[in-house]
Amino acid sequence: MSRLSMFSVLFFQTRLYAAQAARKVEFTGAAEHVKFQPQDVQVTRLPSGLVIASMENYSPASKIGVFIKAGCRYETPENQGVTHLLRLASNLFLSCSLCSYLDICMLVFLCSVSSSRENMIYTVDCLRDDIDTVMEYLINVTTAQEFRPWEVSDLTPRVKMDKAMAAQSDQIGVIEGLHGAAYKNALCNSLYCPNHMVGNIQSEDLHQFVQNNFTSARMALVGLGVDHTVLKQVGEQFLNIRSGAGSTGATSQYRGGEPKLPSTNLMVHAAVVSQSAAAGSSEALAFSVLQHLLGAGLHVKRGSCASSKLVQGVTKATADPFDVSAFNASYSDSGLFGVYTISQAAVAGDVIKAALAQVKAVADGGVTAADLTRAKAQLKGHFLMSLETSEGFLEAMGTQALAEGTYCSPEEISKKIDNVSLTDVANAAKKFVSGKKTMASSGNLSKTPFVDEI
Ligand SMILES: *[C@@H]1O[C@H](CO)[C@@H](O)[C@H](O)[C@H]1NC(C)=O
Ligand SMILES: *[C@@H]1O[C@H](CO)[C@@H](O)[C@H](O)[C@H]1NC(C)=O
Ligand SMILES: *[C@@H]1O[C@H](CO)[C@@H](O)[C@H](O)[C@H]1NC(C)=O
Ligand SMILES: *[C@@H]1O[C@H](CO)[C@@H](O)[C@H](O)[C@H]1NC(C)=O
Ligand SMILES: *[C@@H]1O[C@H](CO)[C@@H](O)[C@H](O)[C@H]1NC(C)=O
């Protein structure tokens with residue numbers, strides 16, 4: 001990308017944000033005599049298996065995404081790291097091809113390619129008027145990328161830089177280590193290319209992975225601020241290249257383990273988890289309520305979250321600065337639940353034990369109806385807030401469309417949350433307490449206990 005086009009991207013990004021802000025004002029002004037009520041989310045599954053989901057909100061800006069069940073869990077031992085390269089290659093290709101187009105005809109857009117353990121996600125923001133062109137690029141990048149051999153070898157320094165940046169984060173290290181030890185297969189794969197594969201993934205590996213995993217039945221085309229019929233036509237015409245059921249891949253097997261990542265860092269990061277439940281199950285929802293009951297999200301300031309049971313418990317155990325949060329990760333066939341602590345090296349054991357004691361207290365029935373009501377309200381608030389941004393909304397719509405072929409409205413999800421009982425939450429806590437543990441820790445581990453000591 002030339003410096004000039006890099007500048008144009010930034011310039012036009014600013015313009016797009018400005019346009020969005022202007023629209024917001026306009027809409028607020030018109031709110032009393034609403035002309036265009038946003039429609040409901042519409043979902044269609046095409047004969048090819050491709051799921052189309054969209055919501056028309058009559059915004060002048062559109063957001064389009066292609067979600068594919070092709071996250072790192074689908075890598076095999078032979079191509080480990082291929083999704084990391086794919087993420088980088090697609091990002092480059094999408095931004096460069098759109099940029100060169102932008103130089104000619106001043107297209108305004110934002111694009112990104114990201115991947116999780118489950119999915120690969122391509123998204124583009126653009127003005128509604130440009131949607132046809134942008135969609136063509138988006139579809140080209142997901143179905144017809146060339147991966148020329150020299151381009152693939154040019155990715156190696158980028159892979160190294162990504163890895164070096166990730167290595168600076170204790171949290172990424174702990175979470176990757178946690179998955180690597182918790183599972184025997186699939187979910188054990190890392191989001192980052194393993195060292196032994198850096199420079200060893202060829203153009204052919206990328207082609208094969210796309211060929212075998214980017215099938216219509218494992219894709220969802222989703223849009224916000226776009227007409228459902230238009231999106232359906234695009235899906236029918238251009239995204240049915242590789243139809244067929246598409247294999248589902250191996251089910252993850254939980255194993256448990258104890259990875260240690262010693263470093264000179266004075267703060268110890270530690271996560272202690274058990275296997276929880278697969279996403280979308282009512283049990284997973286009980287774990288989500290439990291997470292909010294214990295305290296979700298790391299807090300910057302100590303004592304900033306008075307209602308967090310974990311913070312309350314750990315405050316009694318140490319006078320040193322710490323941070324603690326309930327940890328929850330959910331996947332299509334499994335999940336992890338537990339506690340995440342950050343503490344001074346000398347008190348790591350005390351902090352971890354105090355946090356675990358709080359989960360045990362919940363398992364033993366130490367939860368009041370008021371605690372439960374508050375946790376549910378927090379979970380609902382958190383969920384609704386995540387839908388406020390167009391990114392959050394598109395992600396929720398895309399992941400649900402891909403996983404279940406449907407869209408569950410916030411009202412329906414709220415009802416399901418209300419349905420979680422004290423017993424459900426206590427049972428979730430019991431499952432954690434009695435479950436086989438995985439514990440990952442990093443930092444100065446001289447005073448960090450082993451699993452059999454906690
Ligand atoms: C998309 O790919 C097709 C076939 O390779 C090509 O003809 C077309 O020009 C591409 N479109 C864009 C916008 O790059
Ligand atoms: C994904 O692609 C890889 C590499 O070609 C292949 O071995 C694997 O079976 C594919 N996964 C599924 C679930 O089809
Ligand atoms: C926790 O679990 C719920 C599903 O019950 C899920 O929606 C949420 O994203 C999970 N949080 C994380 C960090 O994975
Ligand atoms: C690790 O922490 C212990 C306990 O606080 C301390 O005695 C020791 O000097 C630390 N080691 C390093 C290398 O900082
Ligand atoms: C509420 O929970 C009960 C049992 O816990 C279940 O049978 C029922 O289907 C649930 N209702 C909803 C709306 O989820």
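Whatever order the structure lists ligands and atoms in, that order sets their numbers, starting from 1. Sequence positions, counted from 1, serve as the residue numbers for this chain. Note that the structure is predicted; figures quoted are calculated from it, not measured.
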*Pick, from Asn213, Asn79, Thr83, the option with the minimum heavy-atom distance to atom 10 (C) of ligand 2.*
Asn213
*When the ring planes of Tyr254 and Tyr183 are compared, do they come out parallel, tilted or perpendicular, using 30° and 60° as the limits?*
perpendicular
*Side chain, backbone, both or neither: the part of Asn212 lying under 4.0 Å from ligand 2 by heavy atom*: both
*Should Tyr74 be counted as touching ligand 2, given the test is an N or O pair under 3.5 Å?*
no
*Give the numbers and elements of all ligand 2 atoms closer than 4.0 Å to a heavy atom of Gln208.*
5 (O)
*Which class fits the ring pair Phe393 and Tyr407: parallel under 30°, tilted 30 to 60°, perpendicular over 60°?*
tilted
*asked:* Check Glu151 with Arg158, please: is the shortest side-chain N to carboxylate O separation under 4.0 Å?
replied: no
*Ignoring hydrogens and geometry, is there a side-chain-to-backbone donor-acceptor pair from Glu258 to Val451 under 3.5 Å?*
yes
*Among Asn444, Asn265, Thr448, whose heavy atom sits nearest atom 2 (O) of ligand 4?*
Asn444
_Option from Asp333, Asn189, Asn119 for which side chain to side chain donor-acceptor pair (under 3.5 Å) with Arg73 holds_ = Asp333
*Has Arg218 got any heavy atom lying under 4.0 angstrom from an atom of ligand 2?*
yes
*Please say whether Ser446 places an N or O atom under 3.5 Å from an N or O atom belonging to ligand 4.*
yes
*asked:* Could you report the tightest heavy-atom contact between Tyr122 and Ser90, atom names first, then the distance?
replied: OH-OG, 3.2 Å
